[in-house]
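Before we start, here is the structure in question, set down as structure tokens.
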Amino acid sequence: VLFVCHANALAQSTSLEQRLLAEPVEDLASDAREMGDAKRGALLFHSPGLGCAKCHDRQPTPAGLGPDLTQWRQSVDDGHLVESVLQPSRKIEPLYRSLLIVTGDGRTLTGIPQQRDGQTLRLRTGPRDTDIVSIALDDIEGEKTAEVSVMPAGQVNALRRRQEFLDLIAYLIALRDGGAEAEARLRPSEESL
């Protein structure tokens with residue numbers, strides 16, 4: 001009984017993220033395929049508490065801060081999906097590397113570059129269409145490509161248990177494999193969120 005109590009106390013003292021990072025990626029990917037539920041994962045993905053859909057939702061238009069998870073420009077395996085959720089800064093797709101901009105008037109802006117021409121830089125600073133800032137190139141005092149993803153590390157700690165993580169990964173697998181059709185089929189209703 002003492003051992004069980006100690007094991008429970010240890011499990012409660014480490015975060016879900018720490019416990020998941022201690023497991024082999026291949027085991028988590030395999031368990032997501034075998035035990036994950038994509039419908040439950042869709043509810044988590046679209047829940048305001050986890051916030052995935054703020055940056056990755058396709059409806060009504062792609063958000064732009066994160067990739068459209070129904071269309072991949074390269075082959076992505078299950079392990080990559082697990083790693084991307086657990087360690088978002090480990091591999092950042094070049095299109096989604098953010099810039100840190102310092103302007104001549106002392107403002108600091110961070111966002112995903114949307115367009116740069118000879119006079120202006122358009123920077124997406126948030127998920128809404130209104131979160132695009134135009135900065136005159138002459139006003140930029142300095143810029144640096146960020147090494148950290150705009151997707152927050154530790155976001156999995158908003159989940160309550162390992163099964164929810166498996167469900168979320170099962171949903172991401174379904175999106176990758178089934179594209180827009182899977183997204184439309186699995187998208188939860190507003191009332192269920």
Side-chain angles (χ1 to χ4, degrees), residues 2-58 63-100 110-112 126-127 144-178 182-183 186 188 193:
L2 182 60
F3 175 74
V4 171
C5 291
H6 178 67
N8 286 339
L10 183 62
Q12 290 175 355
S13 70
T14 58
S15 68
L16 178 61
E17 177 187 43
Q18 291 169 319
R19 293 191 308 269
L20 292 169
L21 284 169
E23 292 189 51
V25 169
E26 300 79 26
D27 291 354
L28 290 168
S30 175
D31 287 354
R33 277 211 173 268
E34 292 174 22
M35 299 182 292
D37 182 302
K39 280 192 175 250
R40 288 192 312 246
L43 285 169
L44 292 165
F45 182 90
H46 290 280
S47 72
L50 199 52
C52 304
K54 288 178 188 169
C55 298
H56 294 286
D57 199 2
R58 318 179 64 242
L65 275 181
D68 177 349
L69 300 175
T70 65
Q71 297 179 6
W72 291 87
R73 294 184 305 122
Q74 63 210 29
S75 180
V76 173
D77 64 15
D78 297 350
H80 178 87
L81 296 174
V82 169
E83 287 177 337
S84 294
V85 173
L86 284 176
Q87 298 175 303
S89 294
R90 187 169 183 189
K91 296 176 191 170
I92 305 171
E93 183 72 29
L95 281 175
Y96 298 99
R97 283 201 175 273
S98 60
L99 280 179
L100 174 67
T110 302
I112 306 292
K144 181 180 179 191
T145 302
E147 298 299 319
V148 177
S149 173
V150 294
M151 181 174 160
Q155 198 164 10
V156 295
N157 289 324
L159 300 172
R160 295 175 302 200
R161 57 189 182 278
R162 183 179 187 270
Q163 182 60 52
E164 288 183 338
F165 179 77
L166 299 179
D167 294 341
L168 180 62
I169 298 301
Y171 177 64
L172 298 179
I173 290 169
L175 290 181
R176 181 202 60 207
D177 295 348
E183 193 276 336
L186 293 167
L193 295 176

Quick one: list whatever passes side chain to side chain donor-acceptor pair (under 3.5 Å) with Asp31, sequence neighbours left out.
Arg162
Considering residues at least two apart in sequence or located in another chain, which fulfil the side chain to side chain donor-acceptor pair (under 3.5 Å) criterion with Glu26?
none
For Phe165 and Leu20: C-alpha separation, side-chain torsions, deciding distance, then whether side-chain contact (heavy atoms from CB on, under 4.5 Å) applies.
CA-CA 9 Å; Phe165 179 77; Leu20 292 169; 3.6 Å; yes
According to side-chain hydrogen bond (donor to acceptor under 3.5 Å, both in side chains), does anything in residues 163-172 pair up with another residue at least two apart or in another chain? List the pairs.
Arg40-Asp167, His46-Tyr171, Arg160-Glu164, Gln163-Asp167
Distance from Leu175 atom CG to Glu183 atom CD, nearest 0.5 Å?
6.5 Å
I'd like to check the side-chain contact (heavy atoms from CB on, under 4.5 Å) partners of Thr145; sequence neighbours left out, ordered by chain and number.
Arg97, Leu99
Measure the spacing between CE of Met151 and OG of Ser84 and express it to the nearest 0.5 Å.
7.5 Å
Taking only residues two or more places apart in sequence or in another chain, which ones pass side-chain contact (heavy atoms from CB on, under 4.5 Å) with Lys39?
Asp37, Leu186
Within the 4.5 Å heavy-atom criterion, are Leu28 and Ile169 side-chain neighbours or not?
no
Gln18 side chain vs Ser15 backbone, donor-acceptor pair below 3.5 Å:
yes
Rounded to the nearest 0.5 Å, what's the gap from OG on Ser89 to CD on Glu147? Could you check?
9.0 Å
For Ser149, what residues pass the side chain to side chain donor-acceptor pair (under 3.5 Å) criterion, not counting sequence neighbours?
none
Can you name the residues that form a side-chain contact (heavy atoms from CB on, under 4.5 Å) with Ser30, not counting sequence neighbours?
Glu34
If only atom types and distance count, is the side chain of Asp78 paired as donor or acceptor with the main-chain N or O of Ala29 below 3.5 Å?
no
With sequence neighbours left out, the residues meeting salt bridge (Lys or Arg N to Asp or Glu O under 4.0 Å) with Glu17 are none
CG on Leu100 to OG1 on Thr110, rounded to 0.5 Å:
4.5 Å
Asp177: side chain to side chain donor-acceptor pair (under 3.5 Å) partners, not counting sequence neighbours
Arg33
Would you check if Leu21 and Gln87 make a side-chain contact, meaning some heavy-atom pair closer than 4.5 Å?
yes
Leu50: partners by side-chain contact (heavy atoms from CB on, under 4.5 Å), with sequence neighbours left out
Leu44, Ser47, Cys52, Gln155, Ala158, Leu159, Leu168
Closest non-hydrogen atoms of Ala170 and Ala32, given as atom of the first, atom of the second and distance, are CB-O, 3.7 Å
Mutual orientation of the aromatic rings belonging to His56 and Phe45 [parallel < 30°, tilted 30-60°, perpendicular > 60°]
tilted
To the nearest 0.5 angstrom, please state how far the CG atom of Leu81 sits from the CZ atom of Arg176.
5.5 Å
Looking at CG of Leu166 and CE of Met35, how far apart are the two atoms once the value is rounded to the nearest 0.5 Å?
5.5 Å
So which atom in Ala38 and which in Ala174 form the shortest heavy-atom distance, rounded to 0.1 Å?
CB-CB, 4.1 Å
